Undergrad: 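Below is the structure I would like to discuss, written out as structure tokens.
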Amino acid sequence: MTPDRSVTLYYSPNTRSLGALTLLEELGVPYELHVLDMKAGEQRQPAYLAINPMGKVPALKHGEAIVTEQVAVFLYLADLFPEAGLAPQIGDPLRGPYLRWLVYYAGCFEPAVVDHALKREPAPPAMSPYGDYDTMLKTLVDQLGKGPYLLGDRFSAADVLWGTALTWTMGWKLVPDLPEITAYVNRVNARPAVARARAKEAELAAAQEAAPEAKPN
Ligand SMILES: N[C@@H](CCC(=O)N[C@@H](CS)C(=O)NCC(=O)O)C(=O)O
């Protein structure tokens with residue numbers, strides 16, 4: 001492993017990269033931000049496509065390692081800074097549920113929510129990776145109802161991801177404001193790291209708004 005733990009987060013305001021920014025604040029570690037201007041199309045320009053050919057944020061750079069995909073960024077960061085205690089380690093019985101709920105986000109929640117938003121029929125249950133939206137949501141809500149966090153009493157990086165994601169998906173009415181979800185989101189959003197990340201996001205978004213319009217290539 002690279003002994004130097006300096007990391008750079010490729011980030012753009014008002015996107016999914018807020019989750020990774022919040023995680024860095026929760027970890028309490030120094031980091032650099034590479035801020036992309038999406039209105040100017042920077043995510044589709046060659047310099048960024050060399051980092052992530054998908055043209056998506058977040059992405060992370062640590063030494064020679066480039067990590068793309070939000071869940072991979074979460075796993076990587078929480079393991080890189082184990083002393084923060086946000087990732088149950090191998091051997092801890094909570095490691096399995098921790099991995100499960102992180103991967104559930106990318107593998108089940110995101111595709112189900114996109115289908116739901118577009119009113120697309122999922123594939124037949126046996127072919128669909130998430131079954132159907134209602135089953136996906138019920139599975140999540142049942143877990144949140146056990147609380148206070150996804151792993152019970154233990155707060156982890158998975159809660160940083162889900163707290164951020166459920167905040168914006170509830171805001172867009174892509175998930176219902178059920179009591180289990182609302183209570184969970186309020187609990188996670190009360191954390192000082194969330195306030196710090198949101199303040200930083202507001203500042204960076206305002207700076208982008210104020211900058212002279214850049215023309216997309
Ligand atoms: N599968 C990716 C999805 C990330 C994603 O959708 N990011 C959006 C922002 S919310 C993005 O970068 N969109 C820019 C674009 O497609 O032009 C991940 O999990 O990291």
Side-chain angles (χ1 to χ4, degrees), residues 1-36 38 42-43 47-111 113 129-130 140 143 149-151 154-169 188-189 191-194 196-198 200-201 204:
M1 175 180 305
T2 314
D4 179 357
R5 297 195 292 175
S6 313
V7 291
T8 301
L9 176 67
Y10 294 84
Y11 159 90
S12 185
N14 304 317
T15 67
R16 283 169 177 80
S17 54
L18 175 62
L21 178 63
T22 309
L23 178 60
L24 285 163
E25 289 292 334
E26 281 286 358
L27 291 166
V29 296
Y31 58 89
E32 297 282 330
L33 280 186
H34 182 118
V35 182
L36 291 152
M38 293 232 167
E42 279 180 4
Q43 77 278 24
Y48 187 64
L49 293 176
I51 301 293
N52 184 358
M54 304 283 286
K56 303 277 184 192
V57 291
L60 186 80
K61 189 168 183 340
H62 169 227
E64 297 304 308
I66 299 280
V67 187
T68 68
E69 294 303 315
Q70 182 173 203
V71 170
V73 170
F74 267 70
L75 284 162
Y76 192 95
L77 280 174
D79 282 346
L80 185 62
F81 299 100
E83 65 276 20
L86 294 183
Q89 300 296 291
I90 292 174
D92 184 326
L94 289 175
R95 179 79 180 176
Y98 167 73
L99 295 176
R100 172 196 179 190
W101 288 110
L102 279 172
V103 172
Y104 193 81
Y105 175 77
C108 299
F109 181 82
E110 283 246 355
V113 162
Y130 61 83
L140 173 66
Q143 187 70 16
Y149 299 112
L150 276 164
L151 305 182
R154 169 107 184 242
F155 179 78
S156 75
D159 298 301
V160 181
L161 177 74
W162 281 99
T164 315
L166 288 170
T167 300
W168 71 261
T169 48
V188 176
N189 284 344
R191 297 179 66 85
V194 173
R196 288 198 299 276
R198 300 233 158 115
K200 194 163 279 193
E201 172 147 280
L204 293 166

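A quick note: this is a predicted structure, and the numbers were derived from the prediction, not measured. Computation of the quantities below employed the complete heavy-atom set of this structure, encompassing side-chain atoms and omitting hydrogens, waters and symmetry-equivalent molecules.
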Undergrad: With a 6.0 Å cut-off (strictly less than), is the heavy-atom count around CD of Gln89, excluding the residue itself, greater than 12?
TA: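 Buried by this count: over 12 neighbours within 6.0 Å.
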Undergrad: Salt-bridge test for Glu83 and Arg5: reply yes if a basic N is under 4.0 Å from a carboxylate O, no otherwise.
TA: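 Between Arg5 and Glu83 there is a salt bridge, with a charged N closer than 4.0 Å to a carboxylate O.
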Undergrad: Please check if any side-chain donor atom of Glu110 sits under 3.5 Å from a side-chain acceptor atom of Tyr130, or the reverse.
TA: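 No - no donor-acceptor pair under 3.5 Å links their side chains.
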Undergrad: Decide side chain to side chain contact (heavy atoms under 4.5 Å, CB included) for Arg191 and Phe155; before the verdict, give the C-alpha distance in whole Å, the side-chain angles of both, and the deciding distance to 0.1 Å.
TA: CA-CA 11 Å; Arg191 297 179 66 85; Phe155 179 78; 3.2 Å; yes
Undergrad: Quick check: closest heavy atoms across Ala87 and Asp79, and the distance to 0.1 Å?
TA: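 For Ala87 versus Asp79, the nearest heavy atoms are CB-OD1, 3.6 Å.
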Undergrad: Any idea which heavy atoms bring Leu21 and Ala197 closest together, and the distance?
TA: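 Of all heavy-atom pairs spanning Leu21 and Ala197, the closest is CD2-O, 3.8 Å.
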Undergrad: Would you say the side chain of Ile66 lies within less than 4.5 Å of the side chain of Leu60, judging by non-hydrogen atoms?
TA: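 No; the side chains remain at least 4.5 Å from each other.
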Undergrad: Between Ala78 and Leu27, what is the shortest heavy-atom contact and its length?
TA: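 Taking every non-hydrogen atom into account, CA-CD2, 4.5 Å.
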Undergrad: Just wondering, do Pro58 and Leu9 contact through their side chains at under 4.5 Å, heavy atoms?
TA: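 A side-chain contact under 4.5 Å exists here.
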Undergrad: Going by side chain to side chain contact (heavy atoms under 4.5 Å, CB included), Val57 matches just one of Leu18, Leu36, Val73, Ile51. Which one?
TA: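 When side chain to side chain contact (heavy atoms under 4.5 Å, CB included) is applied between Val57 and each of Leu18, Leu36, Val73, Ile51, only Leu36 qualifies.
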Undergrad: Looking at Asn189 and Gly163, what are the two nearest heavy atoms and their distance?
TA: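 Looking at all heavy atoms of both residues, the shortest contact is OD1-O, 4.3 Å.
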Undergrad: Check the orientation of Phe109 and Trp162. Use parallel for under 30°, tilted for 30 to 60°, and perpendicular for over 60°.
TA: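 Because their plane-to-plane angle is over 60°, the rings of Phe109 and Trp162 count as perpendicular.
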Undergrad: Taking all non-hydrogen atoms of both residues into account, name the closest pair between Tyr11 and Ser17 and its distance.
TA: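 Here Tyr11 and Ser17 meet closest at CD1-OG, 3.2 Å.
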Undergrad: What I'd like to find out is whether the side chain of His34 reaches to under 4.5 Å of the side chain of Tyr48, using heavy atoms alone.
TA: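 No, every pair of side-chain atoms sits at 4.5 Å or beyond.
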Undergrad: With rounding to the nearest 0.5 Å, note down the distance linking CG in Leu86 to CG in Leu77.
TA: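 Answer rounded to 0.5 Å: 10.5 Å.
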Undergrad: Do Val188 and Val160 have side chains that approach each other closer than 4.5 Å (heavy atoms only, starting at C-beta)?
TA: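 Answer no - side chains too far apart.
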Undergrad: Report yes if some heavy atom in the side chain of Ser156 is under 4.5 Å from a heavy atom in the side chain of Leu150; otherwise report no.
TA: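 With C-beta onward as the side chain, the pair stays apart.
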Undergrad: Are Met38 and Thr15 packed together at the side-chain level, in the sense that at least one heavy-atom pair is separated by less than 4.5 angstrom?
TA: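 They are in side-chain contact.
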Undergrad: Is the side chain of Glu201 donor-acceptor paired with the backbone N or O of Asn14 at a distance under 3.5 Å, no angle test?
TA: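 Yes: the side chain of Glu201 pairs with the backbone of Asn14.
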Undergrad: Which value, rounded to the nearest 0.5 Å, describes the distance between Leu161 atom CG and Gln70 atom CD?
TA: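 Those atoms lie 5.0 Å apart.
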Undergrad: Compare all side-chain heavy atoms of Asp159 with those of Glu26 and state whether any distance is below 4.5 angstrom.
TA: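 They are not in side-chain contact.
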Undergrad: If you measure from OG1 on Thr8 to CG on Leu33, what distance do you get to the nearest 0.5 Å?
TA: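 If we round to the nearest 0.5 Å, Thr8:OG1 and Leu33:CG are 8.5 Å apart.
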Undergrad: Stepwise, does the side chain to side chain contact (heavy atoms under 4.5 Å, CB included) test hold for Tyr10 with Val35?
TA: CA-CA 6 Å; Tyr10 294 84; Val35 182; over 6 Å; no
Undergrad: Do Lys200 and Glu25 sit within salt-bridge range, that is, some charged N less than 4.0 Å from a carboxylate O?
TA: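 A salt bridge links Lys200 with Glu25.
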Undergrad: Any non-hydrogen side-chain atom of Thr164 less than 4.5 Å from a side-chain atom of Val194?
TA: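 Result no, sub-4.5 Å side-chain heavy-atom pair not found.
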Undergrad: Both conditions, 6.0 Å and 45 degrees, for the charged tip of Arg154 above the ring of Tyr98: are they met here?
TA: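 So Arg154 doesn't make the cation-pi contact.
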Undergrad: Could you check Val7 against Lys61 for side chain to side chain contact (heavy atoms under 4.5 Å, CB included), going step by step and ending with a plain yes or no?
TA: CA-CA 6 Å; Val7 291; Lys61 189 168 183 340; over 6 Å; no
Undergrad: Mind checking whether His62 and Tyr76 have ring centres under 6.0 Å apart?
TA: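 Yes.
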Undergrad: Rounded to the nearest 0.5 Å, what's the gap from CZ on Arg95 to CZ on Arg100? Could you check?
TA: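 Output value for this atom pair is 16.0 Å.
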Undergrad: Taking all heavy atoms of Ala157 and all of Leu23, pick out the closest pair and write down the distance.
TA: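 Closest pair (atom of Ala157, atom of Leu23, distance): CB-CD1, 3.9 Å.
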